[in-house]
**Q** 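The structure is given below, and queries will be raised subsequently.
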Number of protein chains: 2
Amino acid sequence: MSEVTLKKLADLLNLSISTVSRALKDHDDISAETKNRVKELATILDYEPNSYAVNLRNNFSREFAVIIPSIANDFYQSFISSLEKEARLNSYSLFILQSGDDPQTELECIKRCKQNRVAGIFVSITQKTTDISHFLKLEDSHIPVIFFDKVPAPDACNKVCVDDISAALLSAETLILKKKKNILAIFGNEQLSITQKRLNAFKDTFTRHNAGACLSIYHADTSATAYQYTMEQLAQPQQPDVIFCMSDEILIGVMRAVQTFGLRPPADIGILAISEGQIPTFYVPQITYIETSGFKLAKLAFSRMLACLAGSTAFLELKTESIIVEGGSI
Amino acid sequence: MSEVTLKKLADLLNLSISTVSRALKDHDDISAETKNRVKELATILDYEPNSYAVNLRNNFSREFAVIIPSIANDFYQSFISSLEKEARLNSYSLFILQSGDDPQTELECIKRCKQNRVAGIFVSITQKTTDISHFLKLEDSHIPVIFFDKVPAPDACNKVCVDDISAALLSAETLILKKKKNILAIFGNEQLSITQKRLNAFKDTFTRHNAGACLSIYHADTSATAYQYTMEQLAQPQQPDVIFCMSDEILIGVMRAVQTFGLRPPADIGILAISEGQIPTFYVPQITYIETSGFKLAKLAFSRMLACLAGSTAFLELKTESIIVEGGSI
DNA sequence: AATCCAACCGCAAACGTTTGCGGTAATGTT
DNA sequence: AACATTACCGCAAACGTTTGCGGTTGGATT
């Protein structure tokens with residue numbers, strides 16, 4: 001069974017291709033009767049316009065690309081889930097491309113985006129991406145690029161991210177409010193700007209409040225190192241009275257250690273995290289966390305994308321509000 | 001800056017479009033010198049072929065669609081992650097479409113696939129999808145459809161799924177081996193074929209081994225109901241000596257209850273689950289589970305897809321092997 | 001009867017690429 | 001000198017759509 005095309009419909013109906021095309025689009029020029037005949041046959045034969053031809057002719061597409069280090073991550077998962085929904089409701093589709101956190105692969109992805117003449121790109125860059133000229137080149141050819149979550153340093157681009165500073169600030173304030181004095185705070189990879197922002201805001205808040213708390217700061221790249229370090233700290237004679245985790249990954253490692261020691265929050269030790277919201281619900285009591293919602297971020301990113309497509313040429317840096325979700329672990 | 005096309009290159013080089021096209025493809029007809037000139041300019045101008053034109057002309061695309069109920073699910077996440085990688089290595093791209101577990105939306109997705117003339121479709125159907133004729137129609141127009149995970153009942157289609165029966169069998173055998181006598185087994189929604197398969201194989205194994213264990217079976221649709229029921233059961237004078245969880249979702253609810261009661265596996269109670277592998281690592285000790293790997297399934301599905309594209313017209317039902325991953329919870 | 005206006009429809013070009021076929025010039029062969 | 005061969009390259013059609021423009025009816029208005 002060969003493809004159903006406008007030509008095929010036209011031949012079958014003894015009409016011209018243009019008439020069939022217009023009939024399907026409810027063009028004024030076409031009589032109601034003809035429209036009906038055309039639409040009926042189109043339905044019967046299951047006609048669907050060929051996107052390639054349409055996009056080629058119209059020189060634009062209804063596809064967005066999403067480039068992320070890896071989809072296997074709660075945050076990106078909720079982000080994409082939400083973004084896909086928004087896209088579908090606006091009759092866009094989503095291309096998912098994984099950079100594997102490798103700049104070289106990321107370049108490949110950009111290439112793919114160019115080839116597919118996508119309408120726009122959402123990208124969370126790799127840890128090692130410093131040169132964003134390839135992305136900016138796309139902007140030259142009128143493909144909006146929205147950086148989200150892991151965003152580059154330069155100003156001349158559109159960024160949408162969680163408000164790291166307010167999240168860290170809120171975290172610190174929570175700890176101060178709870179009168180915690182002996183605080184173990186575990187942050188992620190020291191090189192990442194996200195770590196630096198959160199760490200600085202965190203420390204600043206303590207200095208500003210002059211809280212007089214003992215702050216012990218540590219950096220862990222992985223869940224496993226967070227676990228090991230926490231194990232060591234809990235073995236000390238003076239245990240911390242609260243552990244702050246900068247991310248879900250760290251939370252997982254910390255909680256393994258806490259459980260291993262048989263400690264039960266909040267009585268034995270307090271736990272506070274910045275988290276996407278899934279992981280904290282696995283424990284009893286649930287972990288109190290500052291939410292960094294992928295859902296919210298996706299909505300924000302999408303609306304920014306639509307604005308860009310509508311002609312906005314400004315470069316904005318948008319942030320989502322952080323809120324605290326009480327779980328009972330502190 | 002306007003688009004870089006073959007025509008533009010041709011004009012700039014005083015060559016014809018066809019020569020430029022052939023030069024970029026290392027065609028024999030073109031002299032080495034011309035090839036170099038063309039390639040050089042193409043690199044400078046950052047030429048990338050327009051996929052729409054290519055696909056239109058060649059009447060085939062290098063895009064696969066993935067239709068799933070929701071991406072927010074550990075299993076699908078690992079499946080897609082793995083599939084995307086396979087696809088990229090074979091220079092295919094992935095379209096992600098979420099049905100929202102709604103048959104109507106699923107139809108929309110199929111339509112989108114037709115319009116985009118995708119090379120093939122991977123689909124995990126909704127709980128309510130019974131009519132798969134729309135999918136089979138795609139097969140008529142030579143678009144292979146690989147059903148994975150949640151597969152339909154009819155035989156005339158390609159299915160790739162985890163081996164529910166062997167997973168349940170392995171689970172039951174593990175429990176018997178460990179000489180558990182008072183077993184609480186919590187399964188998912190009773191209507192789902194996956195539940196039925198697992199339940200039957202589970203029960204059969206016990207009857208076959210004549211194990212003389214007391215089997216208490218319960219169905220929970222959500223994490224929350226699994227939690228509630230487990231709470232009730234743990235409050236009984238005679239607690240079960242092991243709890244079996246058919247899925248990650250159930251495991252989460254069960255573990256909430258177990259933690260609430262302060263029970264520590266494996267001494268106080270045994271825990272065994274069928275799981276994707278993420279969740280079990282969050283607890284101490286890690287939960288022993290029968291693995292249903294999305295990674296493996298993706299590899300299997302992808303190779304089946306390639307086979308179909310290569311001309312295989314058979315309808316196969318492939319299954320991935322289940323293995324047990326010891327965590328120390330039983 | 002000549003004119004005009006709707007109402008309806010078709011022609012043909014364009015989007016960017018691929019590719020069969022034919023053409024030309026230079027070189028080699030008889 | 002006539003012919004064949006090789007090495008290069010261009011013409012033009014095709015893929016399926018969209019759309020500006022022009023054309024043909026039939027009926028209503030002068």
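Below, chains carry the letters A, B, ... as their sequence lines are ordered, and counting in each starts from 1.
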**Q** Any carboxylate oxygen within less than 4.0 angstrom of a Lys/Arg side-chain nitrogen, looking at B:Glu108 and B:Arg112?
**A** no
**Q** Verify the ring-centre separation between A:Phe79 and A:Phe295: is it less than 6.0 angstrom?
**A** no
**Q** Would you kindly give the OH-to-C1' distance between A:Tyr52 and D:dT18, to the nearest whole Å?
**A** 19 Å
**Q** Would you mind checking if A:Glu33 and A:Arg37 are paired as a salt bridge, meaning a charged N to carboxylate O distance below 4.0 Å?
**A** no
**Q** Do the rings of A:Phe302 and A:Phe122 sit parallel, tilted or perpendicular, given the 30° and 60° boundaries?
**A** parallel
**Q** Determine the contact category for A:Tyr47: base if any of its heavy atoms lies under 4.0 Å from a base atom, sugar-phosphate if only primed atoms, P, OP1 or OP2 are that close, otherwise nothing.
**A** sugar-phosphate
**Q** If you only use heavy atoms from C-beta on, which nucleotide in D:dA12, C:dT17, D:dT18 is closest to the side chain of A:Val54?
**A** D:dT18
**Q** How many whole angstroms separate atom CD1 of B:Ile17 from atom P of C:dC21?
**A** 21 Å
**Q** When the distance from CG of A:Asn55 to C1' of C:dT17 is rounded to whole Å, what number comes out?
**A** 15 Å
**Q** What residues, two or more places apart in sequence or in another chain, satisfy side chain to side chain donor-acceptor pair (under 3.5 Å) together with A:Asp101?
**A** none
**Q** Please list, by residue number, the residues of residues 21-34 of chain B whose heavy atoms come closer than 4.0 Å to an atom of DNA chain D; answer none if no residue qualifies.
**A** B:Arg22, B:Asp29, B:Ile30, B:Ser31, B:Thr34
**Q** To check you understand the geometry: which heavy-atom pair defines the closest contact between A:Lys85 and B:Gln98, and what is its length?
**A** N-NE2, 4.1 Å
**Q** Could you state the CG-P distance from B:Asn14 to D:dC8, rounded to the nearest angstrom?
**A** 19 Å
**Q** Report the nucleotide, chosen from C:dG10, D:dG10, D:dT17, that has the shortest atom-to-atom distance to any side-chain atom of B:Ser16.
**A** D:dG10
**Q** Can you tell which of C:dG16, C:dT19, C:dT17 lies closest to the side chain of B:Ser18?
**A** C:dT19
**Q** Please give, in whole Å, the distance from C:dA12 P to A:Arg57 CZ?
**A** 16 Å
**Q** To the nearest angstrom, how far is A:Leu15 atom CG from C:dC8 atom C1'?
**A** 11 Å
**Q** Starting at atom CZ of A:Phe60, determine the distance to atom C1' of C:dG16, rounded to an integer number of angstrom.
**A** 17 Å
